[in-house]
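The sequence lines fix the lettering, A, B, ..., with proteins before strands; numbering per chain opens at 1.
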Amino acid sequence: MPDPAATWTPLLLSLQVAGWATAINLVLGTAAGWWLARSRWPGRNLLDSLLTLPMVLPPTVLGYYLLVLVGGHGVLGPLLSDLGVQLVFTIWGAVLAASVVSFPLVFRPARAAFEEVDRQLEGAAWVLGLGRAATFFRVTLPLAWRAILSGLLLAFARSLGEFGATLMIAGSIPGETQTLSIGIYEAVQAGQDGAAAQLVAVTSLVCVGTLLLAHRLSPPRPAGRVG
Amino acid sequence: MPDPAATWTPLLLSLQVAGWATAINLVLGTAAGWWLARSRWPGRNLLDSLLTLPMVLPPTVLGYYLLVLVGGHGVLGPLLSDLGVQLVFTIWGAVLAASVVSFPLVFRPARAAFEEVDRQLEGAAWVLGLGRAATFFRVTLPLAWRAILSGLLLAFARSLGEFGATLMIAGSIPGETQTLSIGIYEAVQAGQDGAAAQLVAVTSLVCVGTLLLAHRLSPPRPAGRVG
Amino acid sequence: MTPQRTGPPVWDLEFTAALGRGPGRFRLTVRRQLWQRRTALVGPSGSGKSLLLQTLAGLIRAEQGRLAFGGESLQDTAQGLWVPPQRRRLGYMFQDYALFPHLTVAQNLAAGRRRGWLNPPRRVRDPQVDVWLDRLGLRRAADLYPHQISGGQAQRTALGRTLLAGPRALLLDEPFSALDPALRLELSHELLALLSSLDLPVILVTHDPAEAERLTDEVVAL
Amino acid sequence: MTPQRTGPPVWDLEFTAALGRGPGRFRLTVRRQLWQRRTALVGPSGSGKSLLLQTLAGLIRAEQGRLAFGGESLQDTAQGLWVPPQRRRLGYMFQDYALFPHLTVAQNLAAGRRRGWLNPPRRVRDPQVDVWLDRLGLRRAADLYPHQISGGQAQRTALGRTLLAGPRALLLDEPFSALDPALRLELSHELLALLSSLDLPVILVTHDPAEAERLTDEVVAL
Amino acid sequence: LLSGCTSPQTGQTTAGGPTVLTVAVAASLREVVTEVAGKYSQAHPGQEVRVTAAGSGALLSQLKAGAPADLFLSADRETMRQAQAAGLLAGEARPLVYNRLVLIAPAAASGLPTPLPASPPQAAAWLSAQAGAGARLATGKPQSVPAGRYAQQALEGLQLWNTLEPRLVYGQSVRQVLDWVARGEAQAGFVYATDAALMPQRVRVVAELPLKTPIEYQAAQLKAAPQPQAAAELLDFLGSPEAQAIFRRAGFLTGPER
Ligand SMILES: Nc1ncnc2c1ncn2[C@@H]1O[C@H](COP(=O)(O)OP(=O)(O)OP(=O)(O)O)[C@@H](O)[C@H]1O
Ligand SMILES: Nc1ncnc2c1ncn2[C@@H]1O[C@H](COP(=O)(O)OP(=O)(O)OP(=O)(O)O)[C@@H](O)[C@H]1O
Ligand code: MOO
Ligand SMILES: [Mg+2]
Ligand SMILES: [Mg+2]
């Protein structure tokens, strides 16, 4: 492609969107997973199922409902605009879309992982004098971390690939909200297979690079004795 | 809606597609996860990353590449049609699309879970005389099962929600390949908010029902002593 | 030995604690004052020795009743009082060690010496930890993870972790069972010296009558 | 006692096995024939007793050398021979029990008695398992999961699971350390009777000299 | 249903069963062609018509990859030209129906020219004012959405393309553009008259925009058509007065004239 900006700008936008969405889900998904794993109340499995719904809706439709919710004339729209938050047709709309779509990918593995953590080890931390928060960050989270990380990487990948909901909320504005995915989609739709292939290659490289980096930064624990 | 078939037929189609895709990924995703968790060779983390790529591509684009692969003029097309397998514009195309899109959702948690299984317990099975397969099915798989199940449920939800790749390969033929998701999408696009809402409600019910059932069938292990 | 009955008893126990639910529920009732600073707890396997220590440590809540340490109430169901384990500062050593699998032996030892949200670093080492690595014969294993060490090494790590947290009293659940006789003797001497110097009360679960004799002032059977 | 040197030795060992990598690597070299059917293995903590048993059981491959049981070669690096643990049929009892956390005590006991891809069912019970539940005093704990039982109960479950698999020889890693003296004596009598009736060779890791004396014909130090 | 692999396949006549024709149609034709096909089946017992709908570009990709369809109905000439160039067509493509491009605004918009619909120059002035005030103008992506292509043409004709381009938001389909305007997220948009007619309460047609080339839907038989005879018959039926009446009722024009 003659114009490098045609690759770089969408790439930067995509990385920003996926990065923010992953960060948001690191916090919200982990917190929700923890809460559902540890609290005991009758409706929690129902809530668990409801939180998974962003996965079953076609992204475009999800985008449609998000628009109904946060659009200028939406339910939360006036409130958001009083706060000075503009989501529709901005990169923050893309972040919202990507976060919602990938939320279940973090929250469900996090819940499963927290449920598997040996409670005895938390007890061991308590008697050593560690408070609830310290126990969480020093014992529980590290023990659940690999599963959560695996969910975060899926969420990152999904955020990079998201375009249905993103397009609905953020639109496709070159240089502002046109992410790699939207670019790829449009190139394919326009029959520009060469341009599409180039953007696909860039996306794939980013994804593979990120995953390889994650493998490097968090190698599996040294294998134990089989005996 | 006056015509119940307008809801029932897509529902049955969606359940078939999601069911098959989940079953396929139960086998392939678990096998791939196991293999990558246990084998030791230099390129395995690269392969791991490549297997995650279906997540980063916009589904429509993924569908396009699948089409190029398995369509009548595709690389595998002639081979498949010699075998009498017709994918384009059939429900099997939808199954293929859903399986590929949701594969990483099963394979990555499965790998992470297998890596966390205490190798000592496998050793314990071996010395009791259990062969490799028996050890896998009686010890390793049950210990990794909750994480794999959580991945399978995400894959099922994703398959229900998939429409970009499906539309590309299977098309949108009422009664044959028009799944709930495609129906929802088209209803929203046509401004038929009521019909869309009804299909969304059905999809959500199916998803919530399935997840609640899964919770019931596989409750977390009884909590251990904290001490 | 006659107990010196000045002041409150070391342990004042009158409670019922239980494990499990339904018909198979295991229930333990204790009504006893311990006046000696060093008590050995004996009893058949499954009789509730570990459950008793866990209730004292605050890991299990008594269903009903009260327990006090040195006159200080730790739980009293009548008053709705319950002091969480973090604030009891009692050193409970787990029978199955409960070592942190993601931390090395040295980090496990340092775990209770550091507040805050970060685990002790792998490189920098607290001088006290160094002292105890030698004392416990764990120098070679310092950088190994729990699943890489021998049973006896794990037991010593658990003991060291408990002592290093600076507890007000010790609750030791068979601390020497996995050790060879020489090491056992050596470590129990160490412990005895430590107990005298720090004047720490201790409850020791043991199956070894000689050990009970040597280390404690009184034997209580469950 | 003089060993009866007819036929091959019970254990013919000449190998080097190692754990870990790099400079901290632990290496054990054994060159010894065991002629007695019952051997006690003693040695300080961390000296490699568990490693030795694991090598015999086939869980760890010797780096180099050979080992044979009753004249039958189990590994011989010179010939590239290695018999997998499944086909050795040696009963190794893990020092830290290695009970299957997803199976109840009764299912753990039955685990080695059933081939195929399914675990023993929770309801139906093998009569042999029932016999051993009583013999080991585990009747009350039969339907509990490993994380719900006491240390001694876990140890007995591990011992029972090993015996019930019908091994050709026993490799027991401190099988009685978590038991109270009465139970210890009782179970070791049971074991002794069993060993005589089945004529099973045994290697027993223990720290208790009396136990070594009572149960075995020879004491080997590592 | 589980036997998908052996269910009646495109164009094959299963023993004693009906002939099944597959028609790939542009998304905006979906409902109307389904109706026409129903009529056709009534008139030709034993012939079943399956309609699969998607964006014209997506359909073209499917057909290029060898999807087994009998007829292709595209939303514009350009896509059909590409299909021709790819050697997919059997014979010439024929004009099917026509449409008009309109500029729409949310029903609640203020400052609209009066009366409506306005003349193109009035609309142009209004558009410039909107853009100057920071409004977002929604349109289809010209490279992939035919409606976007026409909008670009129209704006270029009005000498507005360069000034308006920075304010444009691109949608993946004309229906998305319609939705954005209907919700008031975009202050103006370019859609087909038939789309605007779907939401008369929520959007207002500001003006019809003049184009150099008419908006022409085309129909063609595919070379790969497994049922060439029946396909040809259906193609003829689409041009018949009976079918054209149905198109007209749905808001399409049946001739290039205004
Ligand atoms: N969830 C449960 N349901 C029923 N019984 C339980 C449960 N958890 C533990 N128990 C029982 O509680 C009893 C007390 O266990 P505890 O660990 O206190 O015994 P202990 O005296 O420490 O024995 P040991 O000397 O073997 O360690 C045991 O008999 C055990 O089976
Ligand atoms: N990955 C490893 N790297 C280095 N050393 C290791 C590793 N794993 C185990 N070791 C060392 O191997 C030695 C032998 O361990 P083993 O479990 O055989 O001892 P043991 O004689 O059974 O001791 P105990 O009586 O305490 O159970 C120990 O000193 C241990 O620290
Ligand atoms: O399933 Mo999508 O809308 O093609 O991201
Ligand atoms: Mg105990
Ligand atoms: Mg050992």
Note: C/Arg214-C/Asp208 ion pair, threshold 4.0 Å (strictly below): no
Residue, of [options], that accumulates the most heavy atom pairs under 4.5 Å with chain C:
{"options": "D/Gly137, D/Gly48, D/Gly151, D/Ser45", "value": "D/Ser45"}
{"options": "D/His207, D/Glu174, D/Arg184", "value": "D/His207"}
{"options": "D/Ala178, D/Gly46, D/Pro209, D/Gly152", "value": "D/Ala178"}

Parallel, tilted or perpendicular: rings of D/Tyr92 and D/Phe94 (30°, 60°): tilted
Which portion of C/Gln153 sits near chain D, non-hydrogen atoms under 4.5 angstrom: both
Heavy-atom contact with chain D under 4.5 Å, split by part of C/Arg156: side chain
Leading residue by heavy atom contact count with chain D [cutoff under 4.5 Å; candidates C/Asp143, C/Asp180, C/Leu179]: C/Asp180
Flag, side chain of D/Arg161 to backbone of D/Tyr97, donor-acceptor distance under 3.5 Å: yes
Gap between atom CD of D/Gln64 and atom CD of D/Gln75 - 0.5 Å precision: 10.0 Å
Nearest heavy-atom neighbours spanning C/Val42 and C/Lys49: C-CD, 3.8 Å
